[in-house]
Amino acid sequence: MNDFAPDPSFSPQPTPVLPSTTHRIFFGQDGLRAGWSLLIAVALFSTLFPAANTLAHKTHLIPPHALESAPSPIPVLISEGLAFLVTLLVTWIMSKIERRPLSVYGLGGRHKFSRFLLGAVWGVLFLSLLILLLVKTGMLVIDGRLLFGSDVFRYALAWIPGFLAIGLFEEYFFRGYLQYTLSRGLAGLYRSGFKANNSRALGFWSAAVLVSFGFGAVHGSNPGESPIGLICAALASLVFCLSLWRTGSLWWAIGLHTTWDWAQSFLYGVADSGASFRFHLLATHPVGRPLLSGGATGPEGSLFVLPILFLLTLVILFTLPRTSQLADDHEFLPTEVQA
């Protein structure tokens, strides 16, 4: 037998084809690069938000001036509900472009209702504790009741959908797709540029700081907002990010956000980040220095909110188990571990 004869069973391996320069510009190891994803998402948001707002006003879904100066439940529900639907639509489009499940952006998981309910309970309790601190220190005076009889239950229920829409929109817009994609991009930067071993954690918390700064800044458009109120809003955003880090889910934060705003605006009748709403149970007014009373901003503009946020942080650390793959640093995707 000729030792130099070709082996008929041998088949040469194909030479691997390296991605082109153009491909590397647009795609990395996580798929479409985060920067391009954010540009597409911003373009979609910039187009669809104004379009939805124009449609709502042209069709009189939202009557003229209905959202100015103490709006009622229905305009708030329609306005915030449309904003959430636009956010959901853009997130769905981006999930198709990036070929990811929609659930990875914060609304997935197996414990949606229980986490939402738990967050909702904590929201009412801690907002009530904040109000108690303000009342006991003489910084807030309760003048009396404005609703009686069946109107109490009527408006208590009527306001829930509107504040749920606010919670869904603000949590999903800031700490859904934007938080996820910024985390992905910054983690890649830390991994490739700085060879960081904890790139996932660095990426998540760097993104959380940026998102929280934006969350606080957006509240600056509210008429009664103050600098301390903006800082507290940003810190509250970081607390919400901590719940996402622990669970991979936004549902706890959505529940707390919903009932915190509901208790402020309906139950106690105080300003919510400078905004006031109609048909609330109690009439109140702040007294003393705005730095302590919150002034026109409401309780969120008071320094007393800082210990409340600290206590909420402890609640998250001690009551929310580390079920997020991101928190355990196994995978980058901030989704819940599926047992």
Side-chain angles (χ1 to χ4, degrees), residues 66-67 69-84 112-135 140 142 145-175 215 218-219 222 224-225 229 232-233 236-237 239-240 243 250-286 294 297-302 304-305 308-309 311-312 315:
L67 295 173
S69 181
S72 56
I74 297 301
V76 171
L77 173 60
I78 294 173
S79 174
E80 299 294 331
L82 279 175
F84 170 65
K112 301 179 185 67
F113 181 74
S114 61
R115 286 198 176 126
F116 173 84
L117 188 61
L118 185 61
V121 171
W122 286 119
V124 172
L125 289 177
F126 276 96
L127 193 280
S128 297
L129 178 59
L130 177 57
I131 294 295
L132 181 63
L133 285 173
L134 292 170
V135 170
L140 183 70
I142 298 176
R145 288 176 59 179
L146 297 178
L147 298 176
F148 299 90
S150 62
D151 282 345
V152 175
F153 300 100
R154 174 188 173 191
Y155 286 108
L157 293 176
W159 272 117
I160 290 175
F163 288 115
L164 174 59
I166 291 174
L168 283 167
F169 164 56
E170 293 191 355
E171 293 305 315
Y172 204 41
F173 179 77
F174 286 98
R175 286 168 282 280
F215 183 74
V218 164
H219 284 73
N222 293 346
E225 190 58 275
C232 289
S237 177
V239 173
F240 291 144
S243 73
L250 293 170
W251 287 106
W252 188 92
I254 292 169
L256 188 139
H257 198 149
T258 297
T259 57
W260 176 281
D261 285 354
W262 178 87
Q264 276 192 117
S265 302
F266 166 75
L267 190 58
Y268 297 111
V270 294
D272 179 358
S273 293
S276 299
F277 298 86
R278 298 174 63 191
F279 307 121
H280 45 86
L281 178 61
L282 298 179
T284 61
H285 70 271
T297 303
E300 292 178 7
S302 167
F304 284 112
V305 80
I308 299 297
L309 292 176
L311 290 175
L312 274 172
V315 165

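Everything numeric in this text was worked out from a predicted model, so none of it was measured. In this chain, residues are counted from 1 in sequence order.
- Of the inter-residue distances, the one linking D151 atom CG with F279 atom CZ reads 9.0 Å to the nearest 0.5 angstrom.
- Between atom CG of residue D261 and atom CZ of residue F163 there is a gap of 6.0 Å, rounded to the nearest 0.5 Å.
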Next on the checklist: Could you walk me through whether V218 and E170 satisfy the side chain to side chain contact (heavy atoms under 4.5 Å, CB included) test, starting with their C-alpha distance in whole Å, then the side-chain angles of each, then the deciding distance to 0.1 Å, before giving a yes or no?
Outcome noted: CA-CA 11 Å; V218 164; E170 293 191 355; over 6 Å; no

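- Of the listed residues (T259, I131, L130, V270), just one forms a side chain to side chain contact (heavy atoms under 4.5 Å, CB included) with Q264, and that residue is V270.
- Remark: side-chain polar atoms of N222 are not paired, donor with acceptor, to backbone N or O of G274 under 3.5 angstrom.
- Between S265 and H280, the shortest heavy-atom distance links the atoms O-CB, 3.0 Å.
- Nearest heavy atom pair, residue S302 against residue L134, reads OG-CD2, 3.7 Å.
- Classified by interplanar angle (parallel below 30°, tilted 30° to 60°, perpendicular above 60°), the ring pair F277/W159 is perpendicular.
- Looking at every heavy atom in both residues, H257 comes nearest to G167 through CG-CA, 4.0 Å.
- Residue F148 qualifies as enclosed at atom CZ: its count of foreign heavy atoms under 6.0 Å is above 12.
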Next on the checklist: Pair F84, L164 - check side chain to side chain contact (heavy atoms under 4.5 Å, CB included), show working.
Outcome noted: CA-CA 10 Å; F84 170 65; L164 174 59; over 6 Å; no

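- Going from atom CG of L146 over to atom CZ of R278 covers 12.0 Å, rounded to the nearest 0.5 Å.
- In this structure, S243 and A253 approach most closely via the heavy-atom pair OG-CB, 3.8 Å.
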Next on the checklist: side chain to side chain contact (heavy atoms under 4.5 Å, CB included) for L256 and F126? Distances and angles first, verdict last.
Outcome noted: CA-CA 9 Å; L256 188 139; F126 276 96; 5.7 Å; no

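- Applying the side chain to side chain contact (heavy atoms under 4.5 Å, CB included) test between I160 and each of Y155, F266, W262 identifies W262 as the sole match.
- To the nearest 0.5 Å, atom CZ of residue F240 and atom CD1 of residue I254 are 10.0 Å apart.
- Of all the heavy atoms in T297 and G229, the pair that sits closest is CG2-CA, 4.2 Å.
- A cation-pi arrangement, defined by a distance under 6.0 Å to the six-membered ring centre and an angle within 45 degrees of its axis, is present between R175 and F215.
- How far OG of S128 is from CG of L267: 6.0 Å, rounded to the nearest 0.5 Å.
- To the nearest 0.5 angstrom, W260 atom CH2 is 15.0 Å from I166 atom CD1.
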